[in-house]
Student: 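Mind looking over this structure? Questions follow.
Sequence positions, counted from 1, serve as the residue numbers for this chain.
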Amino acid sequence: MSRREITGKRPLNYSRFHREQLPPWCYMTDLDSIEWRDSRGIVALIETADIHSRCDRRWQMNVIRELSCRADIPAYFVRYDQECRIFLVERIDRLGFQKVMDRNQYIKFIREL
């Protein structure tokens, strides 16, 4: 039996194909954002979620953390309110930290990556 897509909000073509055609030990996840700068290339990997989301993201964070460590690129999990006024920024690689930021602080943070 195939695994169910949790949110029901994503385009399902590839996701459905993967769940239905591959064995249960073939996991996949997506990454929400890759921050890029012309002068330096990739500067951050970012997974985002609504601040009220209750999904268990431990497995996904482990995958992103491993990708971050192997590529030596900072990784962040960013939760935000519906109006994008408050951001909870968690660095999920080796230098982990957590900060609450308002919109201006978050804009500055992203610009300075």
Student: Considering only NZ, NE, NH1 and NH2 on the basic side and carboxylate oxygens on the acidic side, decide whether E90 and R79 come within less than 4.0 Å.
Tutor: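 So E90 pairs with R79 through a salt bridge.
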
Student: Are the side chains of V78 and E47 in touch, meaning some heavy atoms are under 4.5 Å apart?
Tutor: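 No; the side chains remain at least 4.5 Å from each other.
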
Student: For the pair D93 (side chain) and R65 (backbone), establish whether a donor and an acceptor sit closer than 3.5 Å, ignoring hydrogens and angles.
Tutor: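 Side chain of D93 to backbone of R65: no pair is present.
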
Student: Calculate, to the nearest 0.5 Å, the distance between atoms CD and CD1 belonging to E35 and I42 respectively.
Tutor: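 Atom-to-atom, E35:CD and I42:CD1 are 11.0 Å apart.
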
Student: Hey, could you give me the CZ/OG1 distance between R57 and T29, rounded to the nearest 0.5 Å?
Tutor: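 Output value for this atom pair is 8.5 Å.
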
Student: Is there a donor-acceptor pair closer than 3.5 Å between any side-chain N or O of Q21 and the backbone N or O of H18?
Tutor: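 Answer holds: no.
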
Student: Taking the six-membered ring of Y106 (Phe, Tyr or Trp), confirm whether the NZ or CZ of K108 is under 6.0 Å from its centre and within 45° of its axis.
Tutor: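 Here K108 fails the 6.0 Å and 45° test against Y106.
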
Student: Could you tell me which non-hydrogen atom of V100 sits nearest to which non-hydrogen atom of Q105, and how far apart they are?
Tutor: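 It is O-OE1, 4.1 Å.
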
Student: Does S68 use its side chain to pair, donor to acceptor, with the backbone of I73 at less than 3.5 Å?
Tutor: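 A pair under 3.5 Å: yes.
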
Student: Do you know the tightest heavy-atom contact between W36 and D38?
Tutor: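 For W36 and D38, the tightest heavy-atom pair comes out as NE1-OD1, 3.4 Å.
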
Student: Might you confirm whether atom CD of E83 has over 12 heavy atoms from other residues, nucleotides or ligands at distances under 6.0 Å?
Tutor: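 Enclosed: over 12 neighbouring heavy atoms sit under 6.0 Å from CD of E83.
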
Student: If hydrophobic clusters are built from ILVMFWY residues whose side chains come within less than 4.5 Å, do L95 and L67 share one?
Tutor: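 No; tracing contacts between hydrophobic side chains, which count when under 4.5 Å, never links both residues.
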
Student: Hydrophobic cluster membership, with links at side-chain heavy-atom distances under 4.5 Å among I/L/V/M/F/W/Y: are L31 and V43 in one?
Tutor: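 In one cluster: no.
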
Student: Does the pair I86 and Y80 meet the rule for a side-chain contact (heavy atoms from CB on, under 4.5 Å), with working shown?
Tutor: CA-CA 6 Å; I86 302 295; Y80 55 90; over 6 Å; no

Student: Hey, would you say the Y76 and F87 ring centroids sit under 6.0 Å apart?
Tutor: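 Not close enough - the centres of the two rings lie 6.0 Å or further apart.
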
Student: If you look at every heavy atom in D30 and Q60, which pair is closest and at what distance?
Tutor: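 The pair with the smallest heavy-atom distance is O-NE2, 3.4 Å.
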
Student: Between the side chain of D32 and the main-chain N/O of I46, is any donor-acceptor distance below 3.5 Å?
Tutor: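 Side chain of D32 to backbone of I46, a donor-acceptor pair under 3.5 Å: no, none is there.
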
Student: Is a donor on one side and an acceptor on the other found under 3.5 Å between the side chain of R19 and the backbone of S15?
Tutor: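 Yes; judged by distance alone, with no hydrogens or angles, the pair exists.
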
Student: Should V63 and Y27 be regarded as members of a common hydrophobic cluster, given that ILVMFWY residues are connected when their side-chain heavy atoms come within less than 4.5 Å of each other, either directly or indirectly?
Tutor: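 Yes.
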
Student: Shortest non-hydrogen contact from W59 to M28?
Tutor: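 What the structure gives for the nearest pair is CH2-O, 3.6 Å.
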
Student: Which heavy atom of D81 sits nearest a heavy atom of I51, and at what distance?
Tutor: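 In this case the closest contact between D81 and I51 is CA-CG2, 4.0 Å.
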
Student: Rounded to the nearest 0.5 Å, what separates atom CG in N62 from atom CD1 in I92?
Tutor: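 The distance works out to 8.5 Å.
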
